[in-house]
Protein chains: 2
Amino acid sequence: MEKVTIKDVAREAGVSISTVSNALNDVDVLNPETKSHVLKIAKQLNYVPNLNGKLLRNGKTKMLGFFTTSVAGPYFYKLVESMSRECDRLGYGLNVFVTKDKQVIMSNILGRRVDGVIIYEELRIDEEEIAAMVKDKIKAVFLDRPLKNETMGSVIFNSFESAYEATKYLISLGHKKIAYISGVDEMYDSVQRKEGYLAALRQYQLPTNEEYIIQGYFEEESTYNAIKSLVHLSPEKMPDAFLAGNDLSAIGCIQALKSNGYEVPLDISVMGFDDIDIAQYFSPPLTTVRNQIARQGILSINHLVRMIQKKEQGEMMKLPGELIVRGSTQVKIDRY
Amino acid sequence: MEKVTIKDVAREAGVSISTVSNALNDVDVLNPETKSHVLKIAKQLNYVPNLNGKLLRNGKTKMLGFFTTSVAGPYFYKLVESMSRECDRLGYGLNVFVTKDKQVIMSNILGRRVDGVIIYEELRIDEEEIAAMVKDKIKAVFLDRPLKNETMGSVIFNSFESAYEATKYLISLGHKKIAYISGVDEMYDSVQRKEGYLAALRQYQLPTNEEYIIQGYFEEESTYNAIKSLVHLSPEKMPDAFLAGNDLSAIGCIQALKSNGYEVPLDISVMGFDDIDIAQYFSPPLTTVRNQIARQGILSINHLVRMIQKKEQGEMMKLPGELIVRGSTQVKIDRY
DNA sequence: TATTGTAATGAAAACGTTTTTATGTTAATT
DNA sequence: AATTAACATAAAAACGTTTTCATTACAATA
């Protein structure tokens, strides 16, 4: 019972290979009796078509590739899960490649192992490579990187707007000295958030202050250290609110403040970004902006499949954030 | 520049297809000059071999499949990440299938889309199916399900021992009325943990009490409700320590206790299982048992690849847990 | 010089499908 | 009765590789 092929089924059923193929693929040119007979035999022999043969023949793999530098962390598992489910629903398989090696991507794409790809921003495919991919008509959707052309689209978060709204919220609480804890300057999202923050300050005629833009690198520890070195400011210069580039940063910030005798949110409000699982359990529970990660996953797969099947053009989609108010922010109290 | 095949390279280089193939695959029967010429042309044309052709020909896909019901939660992302990296290192791709449909698995395995599979316990492949897979010489590694035969191995956690040690630790703190919050009775891990707990009680001649085994279903909310209905016990019957089947259960338990005026760990110690990310941020930070998830991922891939390449037999590997002491447990204080 | 050996390359088969085209029956039309 | 239509099935080509086997050219040997 090594491996049973379509040939075996044909022989056993006493028909030709093409008849078996037609029976299995529901091409209705067959006598119903023949068809059901073939199907019965196929089941009897436990026949399962060899995908490589199938795919070689019709050039499609029914596989999508997801290329990313990591799948660690709450962002990714929500993303992977939603993409995976959507693939399932649409009859595709999802191939997850965790790699920093762009070569891997290219050989997989060009080797036709996948029909299309989702690429996470951090891989930083450069313009030249993108042009080459377009020329080869490779279908791709980029996450967290704005892009749109013949064969490629993107699904990104409206980080500018989200940061703008978050800052506006802090201002509405009465805060005036609002600091921003920045992420990684090479990442689109990070930059957008900073811009949104600055725009809100300008809008409400609050001064923007270089000292109030702190490098936190999206990490708890870096932020902790950065805030620690800030804490020596004289009280009147100390920010009364922090907008962190992500939740981990917010956590690091709060811990640094706590360890220096500040109470959050009593003395200082702190906001995060992302609404990771930890956010609601942290003490105080984090006020944050939630991104629709699952939606990003679903939309990206959907868009990719539409490009593949319906030859649609690439589009750029922006998803709005959602303000989640919890316990790490409160109305500004003047303690004089 | 549609798709360039080996034929195009051959034509362009003025040699035969087989020569191109030999050049590309480093079969050294060729005149070095021919070889380098062919290689140059191939690069020039941007040739990338079509994997389907390749794989159809030699029957291997260099792909492993991971089949699971979910990738959500901290357990899975650690697992997927470690597996993915290990695959990368060994020159395999990892195909993640999130599905409850066993049919999907079978057709992918039997359709030779993957060379071997990692299967997460929850899919509950039954004995009969396993026998069929063995007969077809399908290489598989099961996670969290003990198994070992010709072509299949498993990597599991030593949950019995872990629970035994955890319980022993609670006993060492002076607790005598220790309750266990059980998970899902159909899962191997869950059962093992309960058995370990019971074994420790017996070992130290503490009574085992049916009332002290609570159904928490590995969920925060279920546990919360279960504990709520327990809380009416008279003080002398109330447990002085809880061992929860996982961290989420521990969190639900603590929240239920808190909301009824108990202080953790002052009045009651609570332990979890798994050491999820939230554990260290929760208040109080959770004492728990950490499983070596990444190690499980790496070992499983390794074992699978060895079975595929070296025709090794299946093995069963057990990974020990690690006690992480934090703030949700303390020495028993008698308040009389 | 005629034979054999060696090195390099090419031709063709095979992997397992799907699909196009051909073939053979039987029924319907003239 | 002779042609055509319709239907059912079979044969063969194609997808892009790798690999086995055959061919060629030339050098080495007898």
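- With salt bridges taken as basic N to acidic carboxylate O contacts below 4.0 Å, none links A:Arg85 and A:Asp88.
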Show each protein N/O and nucleotides 19-21 of chain D N/O combination with a separation under 3.5 Å, one pair to a line.
residue, atom, partner, partner atom, Å
D:dT19, O4', B:Arg57, NH2, 3.1

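- Among B:Leu319, B:Leu304, B:Ile118, the one residue that satisfies the side chain to side chain contact (heavy atoms under 4.5 Å, CB included) test with B:Val155 is B:Leu319.
- Here the range on DNA chain C touched by chain B, meaning any atom under 4.0 Å from one of its heavy atoms, is C:dA8 to C:dG16.
- Among B:Glu312, B:Gln313, B:Glu315, the one residue that satisfies the side chain to side chain donor-acceptor pair (under 3.5 Å) test with B:Arg306 is B:Glu312.
- Taking the six-membered ring where the residue is Trp, B:Phe97 and B:Phe67 present parallel rings, their angle staying beneath 30° rather than reaching 60°.
- By the 30° and 60° cut-offs, the orientation of the rings of A:Phe66 relative to A:Phe76 is tilted.
- Contact check of residues 29-43 of chain B against DNA chain C (heavy atom, cut-off under 4.0 Å) returns B:Val29, B:Leu30, B:Asn31, B:Thr34.
- Rounded to an integer number of Å, the gap from A:Leu56 CG to D:dA13 C1' is 13 Å.
- Nearest-nucleotide positions on DNA chain C for A:Asn52 and B:Ser16 put B:Ser16 closer to the 5' end.
- Listed by first then second residue, pairs satisfying side chain to side chain donor-acceptor pair (under 3.5 Å) with a partner in residues 62-71 of chain B read B:Thr69-B:Glu122, not counting sequence neighbours.
- Residues passing the ring-ring contact (aromatic ring centres under 6.0 Å, His included) test with A:Tyr92: none are found, sequence neighbours excluded.
- For residues 32-52 of chain A, the pairs satisfying salt bridge (charged side-chain N to carboxylate O under 4.0 Å, His left out) are A:Asp26-A:Lys35, with sequence neighbours left out.
- For B:Asn25 (side chain) and B:Val27 (main-chain N/O), no donor-acceptor pair under 3.5 Å exists by modelled atom type.
- In terms of modelled atom types and a separation under 3.5 Å, the side chain of A:Asn291 and the main chain of A:Ile293 share no donor-acceptor contact.
- Here D:dA10 presents its P atom at 16 Å from NZ of A:Lys7, a figure rounded to the nearest Å.
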